[in-house]
Amino acid sequence: MQALNTVLAYAEEAAHHLETDPGGFVGVMVDWAWLIPVVPLVLMFAIVFFGKRLPLKGWELAEGSMAFVAIYGVALLIANWIEPFTVEHHVEIARIGVLPGLGDLVIEWGWVVDGLSIMMYTVVGVVGFFVFTYAKGYMEGDVRFTFFFASFTLFAGGMLVLVSSANMMQLIVGWELVGVASYLLIGHWWEDHANNAAAIKAFITNKIADVGLFVGVIIAGITVGSFRFTDVLDAVEAGDSALARVGFWVGLAMFVGAMGKSAQMPFHVWLPDAMAGPTPVSSLMHAATMVTAGVYLLGRMFPFYQAEGFGDDVKLWIILIGGFTLFFTGLLALVQDDIKKVLAYSTLSQLGYMTAAMGAGAYTAGLFHLFTHAFFKGLLFLAAGSVIHGVHSNNMSDMGGLRKSMPTTYWTFLIGSLALAGVFPLAGFWSKDEILASVKADAFGLGSAADLVLVLAILGAFVTAFYMARTVYLTFFGEYKGEGHPHESPRVMTYPLIGLAVLSAVAGWVLIPGVSEGFTHWLEARLHNPLDGPLHFESIDWAVAGIGTLMALLGIAAGTRLWYRDAPTQLERDRFRIPVLYPLLEHKYYFDDVYMNGIVKPTAGPIARATNWSNNVIIDGVVNFFGATARFLSRYVYGWADQRGIDLAINAAAAAAGETGSVVRRVQTGKVQQYAGALFVGAILLVIGFLIFG
Amino acid sequence: MSWFETGWGLSLTVFLPLVGAFVVMAIPKARERLVKSTALAFALASFGTSVAVTVLFDFGGAEKFQMGTDLTWIPAIGSRFHVGIDGISLPLLVLSTLITVLSIVYSWNHWPEPHNPKAFLVLILLLATGMAGTFVALDLILFFIFFELVLLPMYFMIGIWGDRTMIRPPGFKREVETRLYAAIKFFLFTLFGSAFMLLGFLALYFKADPHTFDMIALAEAGRAGVFAGAFGGWVFAALFLGFAVKVPMWPLHTWLPDAHTAAPTVGSVLLAAILLKLGSYGFIRISLPILPEQAQDWAPVIAILAVVAIIYGSLACLAQTDMKRLIAFSSVGHMGFVMLGIATLTDIGINAAVIGMVAHGVITGLLFFLAGSMQHRYHTREIARLGGNQKLLPILGGILAFTVMASLGLPGLAGFWGEFMALLGSFNPLEGLSLGLFRTAMVIGAIGTVLTAGYLLWMLQRVNLGEPPDEWTGKDLHDADGFELAAWSPLVLAILAIGVFPRIVFGATDDAVVNLVKSAFGG
Amino acid sequence: MSFGDWITQSENIVFLVIALPMVAGAVMVVTSRNVVHAALTLILTLAGSAALFLMLGAEFVAWTLVLVYIGAVIVLFLFGIMITRAPIGRDAVRLDHRRRWPAALVAASVFAVIVTATSLAFPDTEIAEGVVRTDSIGEVLFNRFVIPFEVVSLVLLAALVGGIVLARKDPE
Amino acid sequence: MIVNQFLVLAALLFSLGIYGVLVRRNAVLVLLSVELMLTAVNINLVAFGSMLQESVLTGQIFALFVITVAAAEVGIGLAIVVLIFRNRSSSNIDELDLMKW
Amino acid sequence: MFDYHALAPEIIIGVTLIVALMLDLFVPEHRKYLVGAVGLVGLVAAAFPLLTMAACDKLSFCTEAGARVMFDGSYVIDDFALVLKGLFILAGAISLLLSVSYVESDRYYQGEYYFLIVASVAGAVVMASARDLITLFIGLELVSGPAFLLAGWRKGDVRSNEAALKFFLIGVLSAALLLFGMSLVFGMTGEVTFEGIRAASAGLSREPAFILGVVFVLVGFGFKISAVPFHFWAPDTYQGAPTPVAAYLSVGSKAAGFVGLLTICYLAFGEVRDIWGPALWVLAALSMTLGNLTALRQTNIVRLLGYSSIAHAGFILVPFAMAAQFDDVALEEAFFASVTYLIIYAFMNLGAFGAVIAGSEKAGSGELDDWAGLSRYAPGVSVLAAVFFFSLAGVPPLAGWFAKLVMFRAVFADGADPWAVSLAVIAAVNAVIALYYYARVVKTVFMDAPPATAPIEEAVARPVAAPLALALGLTALVVVVAGFFPQILAFFGDAARALALGP
């Protein structure tokens, strides 16, 4: 029975222990942490096969899996807070050959339990738990209720596979799994081809970026001889020259992959379209977790990017792309009417913040923003969903004055908005402040680039507050402009809002420089060579904090100036008609006027529209162009090369043979004397041939 | 079980279907049920023996040929009945027997016109012998026989049960039925290739001293450099022609779309799942070990053709309006990855090739099953006319979506490993091969995966999603029935299992491949 | 040897005397516009060859030739001519093809090739005189060549049987 | 008396025979031409025989066999000609091209 | 001095001939098949001495084992002769079986018919042992003479007459050429026995007169094996002659021609291989190519088989073609290849003709179009036809593949020089072309719809005649079994190979 033995008895578990290895109960928890991704995946199959028969149509299984993850994650979080530890486990899946000088190339399943992964477990688990609860109500009576939760659980599983992976192959597996889940969920209502188009656009855009990830992983894996992050990072630490030689390409390629998932320019085009999916999906995947996978990857590989001579040349790219993304996508949010689109662009801009932070060496800050953003952006989407649920429309032009009819939604949405805008003491304030501070600190010494990004980031803070204010006012203030009577959503939807609202408020307090620095400690524990230069700050950089807050307040103020009026003319004012503002300017300070015409109008108006236009026309245009070219090319290749060229050659040869045949036949005249002639001539020719050539 | 391990196991696996074919012939046509069950019984028996072989196989020594025997067969020309399996052939052997069983199960109540199950089953059983035999043969002539044995049944299968729509092939004056054109085209292409392959075999035979057709002995001779130089080059070219037609490699692929499209469902399945593998297996088993030097000369050519096939196949797929034809063209691309893996001449690449072959067999086989069943229900393959299949036939649609995902190389499903590791291997091919070329190939191949995803998802969108067209609403289209599910579920499971736990294949192949590469290229 | 020496040998003159009519007859056979004449002139050629055999001392062959051919075969031919009512007129058109030249060319080239070859091989090999006695022929024929002899009898038998079947007129 | 003179004569007859075979339309005439060719062969054989004394007998016996076979051939040939004439009331062989290509 | 054991086959056949002729006088018209039966029995009986001679060293009554040389080496019974005699007898017997139902179906002179077939076989049997020019020539005449007559056997049919005349005229002319060549060879070497010629011909390979002789001899046999450009008679004759006769011509008489060619080339002209090697290279290439190309456009199945048999003659000639370069080992390979190919070809071609006879009876015509959809109402015959045609095409696992294999094998037997490779490539391409027209027949039979005029009822009603069925079954069995175990036929080729280097 060697068969079964060899195939199944692989159980040589290589536990790769780093600094600290917890014993006792924590140790057990760590060793069983592989359940975190596996449970949702298994339950996913359970839902597919038995979901329909269950009383709650399989929702209970999904929710159960998320509860499990959330509890497990939080437990690990607490344990890790108390006493930081870092453990990896590896299980060999297959050997796929020998690399000269490097030994067998092994494919492994592995799970890593450290601050970073635990943080992600927690985020996915907790936010997921709330979103799933919410979705129960949101998706009530949907045609594919069960299938929806199956895919949703698949996503959760894939995301956990991704974040728990100890090696790059497994990372790719999770990476693609969430991609597929995203494809399935964006196209959840596939009766409408627009949704399918959006789904495919998302999948393909990511796939293109994944080419980068694949290439990066391949190069790194082959050069190091292993796919484990630890081995790659060890090589970095050891200054492996082979790896250094390809360092730049590895770093760049992997970053391209990250740009895809985290929707950085120019790969961001898929995210707004992805709003075609149900709102819970947008909330959990396209705001809280999935889109942060790229940032997570950068965090996982952080030492690689920080190390001299390896990925450090890529840092410049990272910070610049992050900076531009955060600013320009933020502007786009200003001109959206679809509330989800607003949030989508806001997400893009926040992702830009994280990326820029990573580029600036703000490891902790970037991940911290990831952490807080997950809560309040998840919250905002859920709240928006609640609104949509009540109004049956995505457009803010159909909303307004909802704060009376939907109080809970209103308050939670408000908290989320403030947190996003970075208002003290909500979560956003701390993380955004941390980012600004680190960019200012410029740990990598990127110089002017860092300064530029700092400016962009600060302006971004203003823009963020500005468009959030607009959203809040257009949605909850003024007159109701839609049909029907909007009503508050059921409890199953509102409770998650409340829960997330609380988290959005307090989540920031886990990292208050000089006060509580647990967050930093979990994350730093994993880094091999702690950064030279400030990773976190002993005390708050008051200057930066001040400017940031100021910008936020300015934004809110500008928003209030423009949109705080419960008049039917609200919409016109949305077009930035001066008349409404005029009295103010007349009666008050004239520089308001200058301010408006000089800054707001151009900013919010032409420039944003131009950006929007360029976005829709140029970048989408490019994408579509490639699509079209491929189609055309294919038609040509197939129609001509294949069907005509090669086949024609073949058939022509055949036909030629046939023709020759029918020509040769003619020799057979049927005249016996000609046959006789052939007899003699043939004989003579043979002889003569010999007499001549013989 | 010693008798079993000294050749009988393999011989039974190979020849039980043949015996079955003759038995079925003996049964009167009228007794259809008996005919079916007999055929199924023999196929199952063959599958069972192959499983038993797997169980008894010594995975510890997967690089050695096992379970084999070496008997006198044609002393007059020095050819022997020499069979055996190693880690490379084992998975393919099992795959071929499995697919045979599934084909018969599927056919149970899906009969293409003209009905006549008896003849159809006889052909399937003959095919089974040919396919299984090719994977166990260790004597060139024996290999040749099995390699060719599949031609006749497939010719009849396409020609008799094939698609009857009229087409006008380029360069033709009048229209012909698709089946007729495709059948003869398939037949001529393959025979053309194999004729030259045979010449190559003979040249090897006479060059070797002592003269022999034995693959193992020839491989040793090749290592010793007996076939070095121009001679070997010509021989490799001849073998290349034979195998490349079968794979098929661009530009020798044009028989494939026609054959796949015209063939009845089971025919397409067998073609895609097994027959294509005979070619790539030939490269791994014969060309590389026996002519290592020439293999290194040719590797760049193969790599280039493979990459062309990947891109070209994908582009051609984008242009298809016929579902089955699209799937057929996708085979061109997927086999391109297999050949790219082989071209690297590294153990990683060849491992990739083998698992790629297995995965493609399972996945594309399933795809053709599904396409066949859909045609069975809609009576059309026009993608334009289909739509909303997911709504009309939820189960079938679901399996289709799953298979498409597998086919576009989704990690965690079977298709991924072959593609990704082919790229992995081509990042650093055997030393001596041009790094630049192969790394370019790697990148282009990676882009190819994008295109693959593109056309597959697009196809899925047009066929499976959206609102069903009016012409189908109200029609009672029954969803997948028991026989179909019985035939498909093993494949679905295989796709999952291999994807999650590739060790199922690598566990067998790795040692064998490493040994092959080491002994052939000192790698 | 030169033509002068050759022509001065008496037997060669005899040879010429025999050979020239033979050739003439042969030419008549292939050109004559009258079937019967063609058949009759063949006799001339055959008789000439018989005479040559005698010169060469092959008496038995010579007389067999006379008996078999002139005695039997030619008669057979004449019968054939009568039965098939071959045109006995004087119009060559219906006896010959129009394209004579290609045929002549082929024949000429055959002649040229053969003559060159043989002349190269036997420039002037003398033929020794001497008569072969019939009994010695019989002895060899019935010892060493008995198998062909028996077989040729079968050939004749088969030809006879088959010929009758084909040539006879079937009763309707 | 040299052998070549016989050979040349034979060659001449042989070639004339060929000519006849090729140009004659009437089947009987073609057969006559064939006889010429066979006669040429006989002359060859006998001449060679007496050229190389030791195998003089072989040559002559060969010639005898040829004569016999020739007779048989004529029988067969004429039978066929008669048959054809009976069916087509013509013995012109160039009209026989029902089967061609 | 007579070794009656050795001559037993010839004697038995001779006696059979006489008995058959006598019997024919007494049996009534509707019992004529008895004559055929007698012929069959005689042939089978003649096969026994072959076996006893083959197994002589194991038999008590058998005195001298090994090759039996008679008449100063002009008549030899060695393994080669035994194998080929056996082949001829088998081919004759099968031809008889094929004939019965055919000749009964119309007014034929059945008795004489069988008589002539057996006579022709007798000639072939003699040729297998003939080791001098005279015996060989006489044997050849005995093979041809009856064949000329049989070709015209359908007296009422003008095509049959025409076939006979064409066959006869070309036959006689080539016989004349052959004789002229033989006379030259005799003159140059002073010998008629192959041994003598071989001994005397060393160094004559540049002698024009000798070359002339050899080439004329080759042409003579080239007619017999219908090699291009001496093939023109074959298609017309096959088409016009009674189909069983065509079958016999394409196998028995062609094989006889090859026996003559084999013996005379390898034995008599063994020293001058550089003459016939290249010459036959040309003939082989021409025959394969023209035969196949012309066959592509044929509409009559028998005629198609005629061209295919021309192409096969080319394939069989391929091993000869390389002989000039060969060393002894390779020479044996070539000899073995030709003989083996000949044996396999005999079975599959006889089978093919049998299938054509049966099929034409079913479909009521030998035109390909009328065969459309034959498989619907005559499945058995159709399957057999497919088996034989694909075997002829050389598709595994039917015996034909092995014939092709040994042929290619012989080409490379002595290293791969340009001439060998080019010939091999020509042969390979031709193999593919050939597949096309064979497959075309199968396609028509299996994949086309039967025409409205198809006589389905009668066909279903009338079963295939027993003797024909027997012949078909026998050949089909051999073709299929030999496909998997070629050794059973290769064995005989192996036994014959020793002759390649002369006695």
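Below, all heavy atoms of this structure are taken into account, side chains as well, without hydrogens, waters or symmetry copies. Keep in mind the model is a prediction, meaning the values are calculated, not measured.
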- Query: Atom CD1 of D:Ile80 and atom CG of E:Leu149: how far apart are they, to the nearest 0.5 Å?
  - Reply: 6.0 Å

- Select, from E:Thr237, E:Asp157, E:Leu179, the one with the greatest count of heavy-atom pairs under 4.5 Å involving chain D. E:Leu179

- Item | Option in E:Ala164, E:Ala175, E:Ser144, E:Ser160 with maximal non-hydrogen atom pairs under 4.5 Å from chain D | E:Ala164

- Message: Is the shortest side-chain heavy-atom distance between E:Ser183 and D:Phe62 below 4.5 Å?
- Response: no

- Query: Hey, are the side chains of E:Met182 and D:Val41 touching, using non-hydrogen atoms and a 4.5 Å cut-off?
  - Reply: no

- Look up atom CG in E:Leu173 and atom CD1 in D:Ile18, then write down how far apart they are to the nearest 0.5 Å. 8.5 Å

- Query: Heavy atoms, side chains only, cut-off 4.5 Å: are E:Phe186 and D:Leu52 in contact?
  - Reply: yes

- Message: On a heavy-atom basis, which atom in E:Gly187 and which in D:Met51 lie closest, and how many Å separate them?
- Response: O-CE, 3.7 Å

- Most contacts with chain D, counted as non-hydrogen pairs under 4.5 angstrom, among E:Glu141, E:Met188, E:Arg297, E:Lys166: E:Glu141

- Item | Region of D:Leu31 in contact with chain E, defined by heavy-atom distances below 4.5 Å | side chain

- Message: If I measure from the heavy atoms of chain D, does E:Ala151 come under 4.5 Å with its side chain, its backbone, both, or neither?
- Response: neither

- Message: Quick check for you: to the nearest 0.5 Å, what is the distance between D:Leu7 atom CG and E:Leu184 atom CG?
- Response: 7.5 Å

- Item | Region of E:Phe168 that comes under 4.5 Å of a non-hydrogen atom in chain D | side chain

- Note on the structure: Ranked by heavy-atom pairs below 4.5 Å to chain D, first place among E:Asn300, E:Leu133, E:Asp132, E:Ile138 goes to E:Ile138

- Per-residue contact mode, E:Phe137 against chain D (heavy atom under 4.5 angstrom): side chain

- Item | Region of E:Leu165 in contact with chain D, defined by heavy-atom distances below 4.5 Å | both

- Item | Partners passing side-chain hydrogen bond (donor to acceptor under 3.5 Å, both in side chains) against E:Asn292 (at least two apart in sequence or in another chain) | E:Asn430, E:Tyr437

- Message: Taking side chain as everything from C-beta outward and backbone as N, CA, C, O, which of these in D:Leu45 sits under 4.5 Å from a heavy atom of chain E? Side chain, backbone, both or neither.
- Response: both

- Item | Neighbours of chain E found in residues 69-76 of chain D - heavy atoms under 4.5 Å | D:Val69, D:Glu73, D:Ile76

- Item | Flag side-chain contact, heavy atom, 4.5 Å: E:Leu169 against D:Val30 | yes

- Message: If you define the side chain from C-beta out and look only at heavy atoms, does anything of E:Glu162 sit under 4.5 Å from D:Ile84?
- Response: no

- Item | Whether E:Asn161 side chain and D:Asn87 backbone form a donor-acceptor pair below 3.5 Å | no

- When the aromatic ring centroids of D:Phe14 and E:Phe180 are compared, is their separation below 6.0 Å? yes

- Item | Exercise: identify the closest heavy-atom pair between D:Ser55 and E:Gly190 | OG-O, 3.4 Å

